[in-house]
Undergrad: 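One structure, pasted below without further comment.
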Amino acid sequence: MRTYSPKAGDADRKWHVIDAQDVVLGRLATHAAVLLRGKHKATFAPHMDMGDFVIVINAEKIALSGNKALTKFAHHHSGFPGGLTSTVYGELIEKHPTRAVEKAIKGMLPKNRLGAQIASKLKVYAGPEHPHAAQSPVPYVFTQVSQVAK
């Protein structure tokens with residue numbers, strides 16, 4: 001028996017909508033990264049983009065567990081000496097909620113050209129509306145009880 005290797009045209013892409021309201025950021029990011037990468041499929045190949053499209057809505061209502069809103073920092077470097085900028089996650093979620101969610105999800109993807117291609121299938125919106133109704137996305141349901149912040 002030969003090992004199955006998927007071809008580029010074999011990718012069957014679906015669209016998923018994740019409602020981020022009261023969901024812990026890290027838990028949302030892990031589920032979204034699995035869907036984007038395609039690890040939930042039997043045809044997963046680590047060297048190919050076999051994943052689905054993910055739409056995250058209500059990013060402004062994301063939850064952070066513990067005291068992370070005050071103590072966890074998001075770092076960004078301009079590339080110049082002394083160009084490190086740090087922002088508290090609570091402030092980042094208030095000003096740019098889509099950036100906080102994108103940063104968490106992209107941090108769980110490969111750091112190469114394949115990761116950039118996979119990340120292009122992620123769409124994050126601060127509010128409950130999104131312009132992808134024509135793709136007929138399926139709502140993604142968190143099955144474990146511990147996914148939602150209390």
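The analysis underlying the following values was restricted to heavy atoms, covering all of them including side chains, and did not include hydrogens, waters or symmetry mates.
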Undergrad: I'd like to know if Phe53 and Ile55 are part of one continuous hydrophobic network [Ile/Leu/Val/Met/Phe/Trp/Tyr, side-chain heavy atoms within less than 4.5 Å].
TA: yes
Undergrad: Distance check, rounded to the nearest 0.5 Å: Glu94 atom CD versus Thr87 atom OG1?
TA: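 Atom-to-atom, Glu94:CD and Thr87:OG1 are 12.0 Å apart.
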Undergrad: Taking it one step at a time, do His130 and Val17 satisfy side chain to side chain contact (heavy atoms under 4.5 Å, CB included)?
TA: CA-CA 9 Å; His130 64 85; Val17 175; 4.0 Å; yes
Undergrad: Distance check, rounded to the nearest 0.5 Å: Leu36 atom CG versus Gln117 atom CD?
TA: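 Output value for this atom pair is 12.0 Å.
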Undergrad: Between His75 and Leu84, does the side chain to side chain contact (heavy atoms under 4.5 Å, CB included) criterion hold? Intermediate values first, please.
TA: CA-CA 7 Å; His75 304 287; Leu84 181 67; 4.0 Å; yes
Undergrad: Any side-chain heavy atom of Lys39 within less than 4.5 Å of one from Phe44?
TA: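 A side-chain contact exists here, since the closest heavy-atom pair is under 4.5 Å.
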Undergrad: Roughly how far apart are Gln21 CD and Glu60 CD, rounded to 0.5 Å?
TA: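 Going from the CD atom of Gln21 to the CD atom of Glu60 covers 9.0 Å.
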Undergrad: Just so I know, are the side chains of Phe73 and Leu92 near enough to count as touching, which here means a heavy-atom distance under 4.5 Å?
TA: no
Undergrad: Just how far is it from atom CD of Glu91 to atom OG of Ser86, taken to the nearest 0.5 Å?
TA: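 Rounded to the nearest 0.5 Å, the CD-OG separation comes to 11.0 Å.
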Undergrad: Closest approach of Val88 and Ala69, non-hydrogen atoms and distance?
TA: CG1-O, 2.9 Å
Undergrad: Decide whether Leu35 and Val23 are clustered together by the hydrophobic rule: side chain heavy atoms of Ile, Leu, Val, Met, Phe, Trp, Tyr closer than 4.5 Å, transitively.
TA: yes
Undergrad: Which pair of non-hydrogen atoms, one from Ala126 and one from Pro97, has the smallest distance, and what is that distance?
TA: CB-CG, 3.9 Å
Undergrad: When you compare the side chain of Ile18 with that of Leu28, does any pair of heavy atoms fall below 4.5 Å?
TA: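 In contact.
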Undergrad: Does the distance from a Lys or Arg side-chain N to an Asp or Glu carboxylate O, for Lys121 and Asp49, drop under 4.0 Å?
TA: yes
Undergrad: Are Val124 and Trp15 connected, step by step, through hydrophobic side chains (Ile, Leu, Val, Met, Phe, Trp, Tyr) whose heavy atoms are closer than 4.5 Å?
TA: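 Per the 4.5 Å side-chain linkage, Val124 and Trp15 are not co-clustered.
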Undergrad: As an exercise, state the distance from CD1 of Ile105 to CG of Leu122, rounded to the nearest 0.5 Å.
TA: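 So the CD1 of Ile105 and the CG of Leu122 are separated by 4.5 Å.
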Undergrad: What about Tyr125 and Leu25, same hydrophobic cluster or not, with Ile/Leu/Val/Met/Phe/Trp/Tyr joined at side-chain heavy-atom distances under 4.5 Å?
TA: no
Undergrad: Locate the shortest heavy-atom distance separating Pro6 from Met50; write the atom from each residue and the value.
TA: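 Here Pro6 and Met50 meet closest at CB-CE, 3.7 Å.
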Undergrad: Can you tell which of Lys14, Lys41, Arg13 makes a salt bridge (Lys or Arg N to Asp or Glu O under 4.0 Å) with Asp52?
TA: Lys41
Undergrad: Can you name the nearest heavy-atom pair linking Ala33 to Met108, along with the distance?
TA: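 It is CB-CB, 3.8 Å.
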Undergrad: Quick one: do Lys72 and Tyr89 satisfy side chain to side chain contact (heavy atoms under 4.5 Å, CB included)? Show the steps, please.
TA: CA-CA 6 Å; Lys72 186 173 176 69; Tyr89 252 89; 3.7 Å; yes
Undergrad: Can you tell me if OH on Tyr4 sees more than 12 non-hydrogen neighbours from other groups inside 6.0 Å?
TA: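 Atom OH in Tyr4 is crowded, with more than 12 foreign heavy atoms closer than 6.0 Å.
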Undergrad: Would you say the side chain of Phe142 lies within less than 4.5 Å of the side chain of His31, judging by non-hydrogen atoms?
TA: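 With C-beta onward as the side chain, the pair touches.
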Undergrad: For His76, I'd like to know if atom NE2 has over 12 heavy atoms of other residues, nucleotides or ligands within 6.0 Å.
TA: no
Undergrad: Any donor-acceptor pair under 3.5 Å linking the side chain of Lys123 with the backbone of Ser120?
TA: yes
Undergrad: Looking at Lys111, I want to see if its NZ is surrounded by more than 12 non-hydrogen atoms of other residues, nucleotides or ligands under 6.0 Å.
TA: yes
Undergrad: Quick one: NZ on Lys61 to CD1 on Ile93, what's the gap to the nearest 0.5 Å?
TA: 14.0 Å
Undergrad: Once the angle between the rings of Tyr140 and His16 is folded into 0 to 90°, is it parallel (under 30°), tilted (30 to 60°) or perpendicular (over 60°)?
TA: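 Rings of Tyr140 and His16: perpendicular, over 60°.
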